[in-house]
4 protein chains.
Amino acid sequence: MAPPATSPASPTNDVRPTRRPGRPRDARCDHAILQATLDMLVEGGAANLSIDGVAARAGVGKATIYRRWSSREALLLEAIGSDTTMMDMPDTGSLRTDLEVYFDGLIERFAKSGGSDVLPHLIEAACYDAEVRGSLDEYVAKRQTPVRTALQRAQQRGEIAPGIDLKVMIDVLVGPVIYRRLLTGGRIDRPFIRKLLDIVL
Amino acid sequence: MAPPATSPASPTNDVRPTRRPGRPRDARCDHAILQATLDMLVEGGAANLSIDGVAARAGVGKATIYRRWSSREALLLEAIGSDTTMMDMPDTGSLRTDLEVYFDGLIERFAKSGGSDVLPHLIEAACYDAEVRGSLDEYVAKRQTPVRTALQRAQQRGEIAPGIDLKVMIDVLVGPVIYRRLLTGGRIDRPFIRKLLDIVL
Amino acid sequence: MAPPATSPASPTNDVRPTRRPGRPRDARCDHAILQATLDMLVEGGAANLSIDGVAARAGVGKATIYRRWSSREALLLEAIGSDTTMMDMPDTGSLRTDLEVYFDGLIERFAKSGGSDVLPHLIEAACYDAEVRGSLDEYVAKRQTPVRTALQRAQQRGEIAPGIDLKVMIDVLVGPVIYRRLLTGGRIDRPFIRKLLDIVL
Amino acid sequence: MAPPATSPASPTNDVRPTRRPGRPRDARCDHAILQATLDMLVEGGAANLSIDGVAARAGVGKATIYRRWSSREALLLEAIGSDTTMMDMPDTGSLRTDLEVYFDGLIERFAKSGGSDVLPHLIEAACYDAEVRGSLDEYVAKRQTPVRTALQRAQQRGEIAPGIDLKVMIDVLVGPVIYRRLLTGGRIDRPFIRKLLDIVL
DNA sequence: AGTTAAGCGAGACGGTACGTCGTGTCTTGTG
DNA sequence: CACAAGACACGACGTACCGTCTCGCTTAACT
């Protein structure tokens with residue numbers, strides 16, 4: 001492997017991203033800003049989150065934020081996306097058991113985070129800002145991954161009829177949980193999950 | 001000349017309906033304000049709706065608005081609640097058919113209204129404002145009524161096992177639709193509804 | 001004198017400024033803002049005077065300032081113009097004596113106010129903002145009034161040749177003082193004034 | 001090959017003029033910066049002149065500017081001082097004639113340069129920055145030199161009484177012109193100069 | 001020829017102030 | 001009292017500069 005070429009353009013590779021001129025962005029700023037954003041989200045929710053506040057808390061100038069994110073929503077999206085300690089899906093050999101374990105984890109997660117208002121905020125923003133729309137879709141897809149994986153395995157095992165559209169299946173499993181969380185305010189607990197699985201599977 | 005009752009008017013007491021002194025509220029203001037609110041919602045969405053704007057458009061002072069609603073969200077909630085031309089549930093004798101017809105109506109309704117961003121806005125507001133939380137729950141419950149009715153009839157007919165929790169059943173039927181609408185951006189059309197019902201019923 | 005007419009436009013007089021609708025401006029705000037401006041001018045000079053600072057000090061919102069003055073300079077101009085405890089010109093019968101007394105007062109005045117940097121600031125602003133230009137001219141003319149008066153009296157008395165252009169005469173009397181104050185930093189004291197008058201008169 | 005002296009170069013010691021190590025400053029940068037400054041002064045005035053703008057226009061980094069001048073005002077001062085194509089005073093044998101010729105040149109000079117706003121800007125800056133104060137005084141003194149010369153010659157010739165304080169005399173001659181230029185906005189033309197000299201001489 | 005130390009373009013950084021906008025409250029005169 | 005009009009305190013917005021600070025290069029003189 002060739003050592004980094006000092007001449008501006010070695011003809012063959014140039015995989016190295018050609019280093020823009022000028023002082024590079026300080027990675028500590030990124031962390032400080034994202035962390036401050038998450039902290040303030042927990043404390044006051046998306047509605048009470050101001051760029052001024054984040055800047056002050058992160059010990060950073062506002063320009064340093066706007067240099068990185070074009071809008072408050074872009075920042076939010078990256079902030080909540082950044083903590084994606086991706087929940088993972090167990091592989092117990094039974095779809096029902098897989099999902100029960102998975103949703104148990106989800107219940108716990110919801111219990112810790114208070115009434116998350118970030119999602120609704122982003123949903124609204126996505127109505128008007130195409131960029132947010134795209135990022136949100138990406139975020140949702142990422143979150144669905146574990147469920148999709150479990151369903152694919154189950155379909156291969158024959159637990160699910162081959163004709164079933166897995167996309168819809170995901171909606172049927174995840175939709176009710178989100179619906180409770182966002183709209184009805186209903187409890188999201190073990191009995192609810194059991195009944196949900198009883199109906200769907 | 002019966003004076004207009006300003007309170008919900010419990011029938012028994014208060015025969016002389018406590019006509020408050022001073023000039024009575026002008027009902028035309030209510031209409032003008034709600035109409036202006038709906039117009040501006042259509043044009044710019046909840047995010048771009050300002051009380052100043054509504055007041056100017058309705059030809060009304062801001063105080064006249066705040067005299068009636070305590071906050072922007074309260075106004076929004078009433079504005080979108082006011083057009084509840086309650087969708088009704090047919091009674092065909094078959095739950096499956098009932099729901100197919102009902103959801104067909106819903107599809108059409110969604111098609112007309114553009115990307116409704118009011119709901120997410122209210123969801124967010126509900127996280128912080130208890131009053132909004134209550135009103136939103138009420139609104140959601142009202143919207144669920146037709147589905148609940150159909151399910152109750154079906155359970156009485158024996159189409160649904162008596163042990164099934166109808167609340168959860170509603171979540172399973174409505175949740176996926178809402179989930180698509182708000183989060184995944186997936187299509188909400190006849191095939192989707194068919195597959196949904198195939199899985200759930 | 002007719003009592004204030006209540007109908008919007010009594011045809012004849014209408015000297016009363018027809019009272020605009022809505023809440024009237026609060027005169028206390030004007031005072032608070034101007035006073036805060038003057039205080040901050042004394043403390044930090046025109047360069048260190050920010051609208052935010054004035055607003056905070058006056059206990060007033062920024063909008064309340066911008067509602068009254070279109071720019072920082074407009075505010076400054078009115079602030080320094082507002083303290084025009086117009087210096088008055090004595091009438092001793094002798095032009096020389098008149099001016100000596102007058103300039104003595106001016107010396108005292110200059111001694112009290114530190115190095116006034118407001119004037120240069122406004123001069124600069126006047127280069128670009130026509131409105132400021134006009135207001136500044138007005139201000140200067142007002143300041144010249146006493147000297148003009150004395151010169152006119154002297155010309156009528158025959159102390160000054162009739163052919164002399166009094167405008168230029170004013171420039172010759174005031175210009176050197178301003179020049180010292182703004183540019184050379186030379187002392188402005190009794191001996192200087194004496195020598196000045198010796199040369200000019 | 002005598003290396004260019006970077007320090008004022010006291011003549012005796014330091015014959016080897018202490019060439020500092022490292023890359024020497026690029027003289028082209030000085031020119032580019034000063035030129036860009038003058039250009040932007042003409043276009044937008046001192047108020048609209050930003051260091052960022054000068055740097056961009058001169059094709060130079062900001063550090064390269066701050067390495068040479070400590071502040072914006074220092075740069076301005078040198079920029080306007082740099083074009084001191086010192087006006088010179090003729091020696092016609094008559095003070096009156098000398099001054100008429102000199103002021104004619106000044107009129108022309110003023111006519112070319114638009115409303116010079118640099119001077120007021122520096123005057124203001126001088127109120128707070130001692131360094132600017134000093135440089136400004138120096139600048140003013142330099143500008144006064146021709147007039148001082150003419151007056152000294154005239155006093156030696158006996159055209160001016162020996163008791164006259166020439167410093168004041170300069171103020172009386174120059175002050176009115178500056179006063180018109182900066183404050184009253186009055187015309188500065190031949191008739192004005194004639195009247196001025198009529199009064200003073 | 002290598003080392004060293006500064007200059008250089010570019011641009012990120014923490015700040016401060018700008019002028020605008022929206023909120024929810026208040027104060028007028030008029031019905 | 002209600003109403004239109006609009007002033008008010010507050011606070012966030014996104015932008016523009018300031019003067020400082022890294023970056024990776026370049027440019028000489030001194031080893």
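Predicted model, so just to flag it, every value in this text is computed and none were measured. Numbers restart at 1 for each chain; the letters A, B, ... are given by sequence-line order, proteins then strands.
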Open item on the list: Side-chain N or O of C:Arg25 versus OP1/OP2 of F:dA5: is the shortest distance under 4.0 Å?
Closed with: no

- [ ] Figure out the CZ/C1' separation between C:Arg28 and E:dT28, and round it to whole Å.
- [x] 14 Å

Open item on the list: Output one letter per nucleotide in nucleotides 14-20 of chain F: B when a protein non-hydrogen atom lies under 4.0 Å from the base, S when only the sugar-phosphate is that close, - when neither is.
Closed with: BB-SSBB

- [ ] Please report, rounded to the nearest Å, how far the C1' atom of E:dG9 is from the CD1 atom of D:Ile33.
- [x] 12 Å

TODO: Take C:Gly22 and A:Arg67, find for each the nucleotide of DNA chain E with the closest heavy atom, and name the residue whose nucleotide sits nearer the 5' end.
DONE: A:Arg67

TODO: Provide the full list of side-chain hydrogen bond (donor to acceptor under 3.5 Å, both in side chains) pairs with a residue in residues 42-51 of chain B, sequence neighbours left out, each pair given once.
DONE: B:Glu43-B:Arg57

TODO: Check every atom of E:dC13, F:dA5, E:dA5 against the side chain of A:Arg68 and return the nucleotide holding the closest atom.
DONE: E:dC13

- [ ] Please check the phosphate of E:dG14 (OP1 and OP2 only) for any side-chain N or O of A:Thr64 closer than 4.0 Å.
- [x] yes

Open item on the list: Test of understanding: with salt bridge (charged side-chain N to carboxylate O under 4.0 Å, His left out), list the residues that count as partners of A:Arg28, not counting sequence neighbours.
Closed with: A:Asp26

Task: B:Asp26 CG - F:dA4 C1' separation (whole Å) - done: 12 Å

Task: Carboxylate-amine/guanidinium contact C:Asp52 C:Lys62, below 4.0 Å - done: yes

Task: DNA chain E: 5'-proximal contact among C:Pro24 and A:Pro21 (nearest heavy atom) - done: A:Pro21

- [ ] Would you mind reading off the distance between C:Ile65 atom CD1 and E:dC18 atom C1', rounded to a whole angstrom?
- [x] 12 Å

- [ ] Output all residues satisfying side chain to side chain contact (heavy atoms under 4.5 Å, CB included) with C:Ala46, sequence neighbours left out; order by chain, then residue number.
- [x] C:Leu41, C:Leu76, C:Asp117, C:His121, D:Glu124

Task: Partner set under salt bridge (charged side-chain N to carboxylate O under 4.0 Å, His left out) for C:Arg72, not counting sequence neighbours - done: none

- [ ] Return no unless some side-chain N or O of C:Arg20 is found under 4.0 Å from OP1 or OP2 of F:dA7.
- [x] yes

Open item on the list: So, using side chain to side chain contact (heavy atoms under 4.5 Å, CB included) as the criterion, who are the partners of B:Thr64 when residues are at least two apart?
Closed with: B:Cys29, B:Ile33, B:Val60, B:Arg67, B:Arg68

